[in-house]
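Just so we're on the same page: letters track the sequence lines, and every chain starts at 1.
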Amino acid sequence: MSKAVLIDGLSILNRAFYGVPDLTNSEGLHTNGIYGFLNIMLKILDEEQPNYVAVAFDVSAPTFRHKMFEEYKGTRKAMPEELRQQVPVMKEVLEAMDIKILEKEGYEADDILGTLGRRFEEIGAEVSIISGDRDLLQLATDKIKIRIPKTKMTGTEIEDYYSKDVEEKYQVTPSEFIDLKALMGDASDNIPGVPGIGEKTATKIIVAYKNIETAHEHASEIKPKKASQNLVDYWEQAKMSKVLATIDTQCPVEFDPGAMVFKDMYTSKAYLLFKRLEFKNIIARFDKDALPKEERLSPAVLLKSVEEFEQAVKEDLEGQKSRGEQAVAGIYYHPQKPEGLCVSLASRPEPYFAPAEQFDCQKLADILKNEGYLVGVMDVKETLSWLKLDKDGVFDTSIGAYLLNPLKDSYGYDDVARDYLGMTLPSEKDIFGKTSHETVFLEQQERFMEFVGWSGAVARRGVSVLTQALENAKMDKLYSEIELPLAFVLRSMEDYGIRVEKEELKAYGDALVSRIHELEENIYDLAGERFNINSPKQLGVILFEKMRLPYGKKTKTGYSTSAEVLEKLRSEDPIVNFILEYRQLTKLKSTYADGLEGYIREDCRIHGKFHQTITATGRISSTEPNLQNIPIRMELGRLIRKVFVPEDGYVFVDADYSQIELRVLAHMSGDEQLIQAYKEDQDIHKITASQVFHTPLDQVTPLQRRNAKAVNFGIVYGISSFGLSQDLSITRKEAGEYIEKYFQTYPQVKEFLDRMVSDAKEKGYSETMFGRRRPMPELKSSNFMQRSFGERIAMNSPIQGSAADIIKIAMIRVKERLEVLHLKSRLILQVHDELLIEAKAEEIENVTKILREEMENAARLSVPLEVDIHTGKNWYEAK
DNA sequence: AACGTCACG
DNA sequence: ACGTACGTGACGTTG
């Protein structure tokens, strides 16, 4: 017996859209509806294994049934933009999956489903009709099953209705269901029904009389009286409703089962599309060996000799030079364990792979360099760990791709291939899974050669495409003058690392432990039981249920026990103070004392990593460990900085920008008040307080200054009265007044922020002083919250990003000057507005001068850039 | 893997 | 009416 699955496309898409939390791919396309649709469809297809499958859509024009009654057409609720944009993509996906799409001008999806459902039934097939819409229940028979998916917490559950199930649940047969609807109406479908008759009454009437015609004949018998009367008074409307509610099972849609045959959905086209939509779970369903082979890229071939390589390079150069082109090659490396060097040349389809065991890879790379090649490489900073490259001769594809769209979470060769070369390649993870490079190289060399070949080829082909794209976006200078040189600076910072006194760190940790134990005992005593204090869940139960403390906020999963909430409960019970202190100490112990210790290497130094392609704004990030969040605000935490020390004979020189973001704001907005204040080296928070609170400058209280400081921060973050009120524990109204006053004081700041938002809305991205872009898909959202978020980042990103640009410039210049002067001092850390130099004792003065000059002159603003510099024998003292 | 929490700028 | 400040990373718990 054959089986057919027919899907009500828009209805399921709609269900999925509202059932699945918002998802967006890195292009900013909303994908949650499509994702949910696919999950429902795949679940059903897996389960049913049908012979036929098709998806029906409405055509936007008014449908035939509704046309009969002009006044009822076209009043359907507008679709939100986030859903509307998914409809064409959904159809694209279905086409790519080789699933038949059914549309018929003038007919609704219902009619198509009804008609084809009946046809399939007539040829003896079993039919499943999938819809989120109960209207379809009228089609149920003992061969036609209506399936209504429900998105629940536990996953997707499906309610199934054969005709007997309809009768059980609604007390009427499927065909009587039409009459039921004719009486009760359906607002979402523009079916008026009969006023005063709802589901209950309608069911009673239809159970008794089977259809509206008979009911109308016996109208006088019907109770309540209002229903009886209205059935007579609105008889015409009832008849019309019945027509509207009736699904046309005879519509002239072609019945061609051959076109609906269920084939392999996992086509290469579908793979490509899922990659673009970033549906990782669905991609995982593809048979790995059947992944689309990208014919235009060949696997690498083993290099036989250096001579062979030299010969190939010579030929390649002749070719490229004769066309007057810059010679471009692409290389692949492995950052941790170099198993060899892969080189892709323009003149040969197959890249060369030179195993490290047989070849001096550095020598091969030098050949490229000496011949004047521009060498594409995916991640210069990592490559430098074993291959010396010259910044004048390389192009970093991951940095290029990052600048073009900093919102993505990876910039691998597969990402570049997909986004800039229009190719779909399996990712490194697709190929290797959990198997090591080494194992694949030894045991599945063919696969390995594909991988390195693609990597090399994409690195080469990415060079011109990304260069062009960067030029088009006017980010070529940002790339070549800031980002690429910076990669070399970061590399050297990582290589130097920072020295840490292991024993001191251990002692610090031990001191914490004894106090932590004391606190634990106190907490257990007060709570009356032992529990896991680190578990917010358990802690919430103890505090807010057992001890009945008043709870403030709640999170998705329960009570909030955040410091913000506990802070307000300090006076309620002594346990709160103990918990706050416990939290503080365990944080220091686990993340810093224990955490950092694990990173200390043989050389007594921590070599953390700096990442250049992570943040949306252009800042650098730090991991393994994060050296940009070492405690400083609280004294106890700050003490940790004493274990960060320079090498013997060296001292730390630490320089940080004073209020760089506010100065950038002054410059970018051109606000005369603000510029004037900075030119006169005024206390900016105090002056703001004086203006906002109408207080003479010399009478500003510390509290007023603190509040004004919060306002200044708020401005940089993309001010909202709510956010400010939270921060200052004041009402929204008061916060709103502060902001208004602020804008009166600095009117050009207001204009500037408004301009940032409107520009970003128009262009779709924001821009820093140096042309760094941040795309902002959120600004187009119809969701208030998301759009507001978009507006805040439109205000913040240019400021935070410009400050990031400036310190990057300073880093490059500082390092350059240290090198030119052959100083032993070196830049070792960057913390967003701060640089730390491990300086040779004799070089302190020189280093201080260099830091000051290069940082203050990194950019020419209309206000001075001020730098505070301290020296010390550890990081604690140098701040 | 997601969440809550908290460290930094 | 909606319900947040901007940008990160690490840890412990929990499902």
Select one nucleotide: of B:dT5, C:dG7, C:dT4, the one nearest the side-chain heavy atoms of A:R774.
C:dG7
State whether A:E737 and A:K733 are salt-bridged, where the test is any N-O pair (Lys NZ or Arg NE/NH1/NH2 against Asp/Glu carboxylate O) under 4.0 Å.
yes
Would you say A:N626 places a side-chain N or O within less than 4.0 Å of OP1 or OP2 belonging to C:dT8?
no
State whether A:R792 places a side-chain N or O below 4.0 Å from either non-bridging phosphate oxygen (OP1 or OP2) of C:dC6.
yes
At less than 4.0 Å, is any side-chain N or O atom of A:S535 found next to OP1 or OP2 of C:dT14? Yes or no.
yes
Should the pair A:D415-A:K408 be classified as a salt bridge under the 4.0 Å nitrogen-to-oxygen rule?
no
Any A:R583 side-chain N or O less than 4.0 Å from OP1/OP2 of B:dC6
yes
A:Y876 ring center within less than 6.0 Å of A:F644 ring center
no
Does the side chain of A:K537 get closer than 4.0 angstrom to OP1 or OP2 of C:dG15 through an N or O atom?
yes
Distance check, C1' atoms only: B:dC8 and C:dG3, in whole angstrom units.
26 Å
For a quick test of reading the model: is some side-chain N or O of A:S590 closer than 4.0 Å to OP1 or OP2 of C:dA10?
no
Among C:dA5, C:dG7, C:dT13, the one nearest any side-chain atom of A:Y717 is C:dA5
Using a cut-off of less than 4.0 Å, is there contact between a side-chain N or O of A:T617 and OP1 or OP2 of C:dG7?
no
Pair A:Y742 + A:Y746: ring centers closer than 6.0 Å:
yes
Given C:dT14, is OP1 or OP2 found less than 4.0 Å from the side-chain N or O atoms of A:Q538?
yes
N/O (side chain, A:R633) to phosphate O (OP1/OP2, B:dG9) under 4.0 Å:
yes
Output yes when at least one side-chain N/O atom of A:S560 is less than 4.0 Å from OP1 or OP2 of B:dT5, else no.
yes
P gap between C:dT4 and B:dC3, integer Å
14 Å
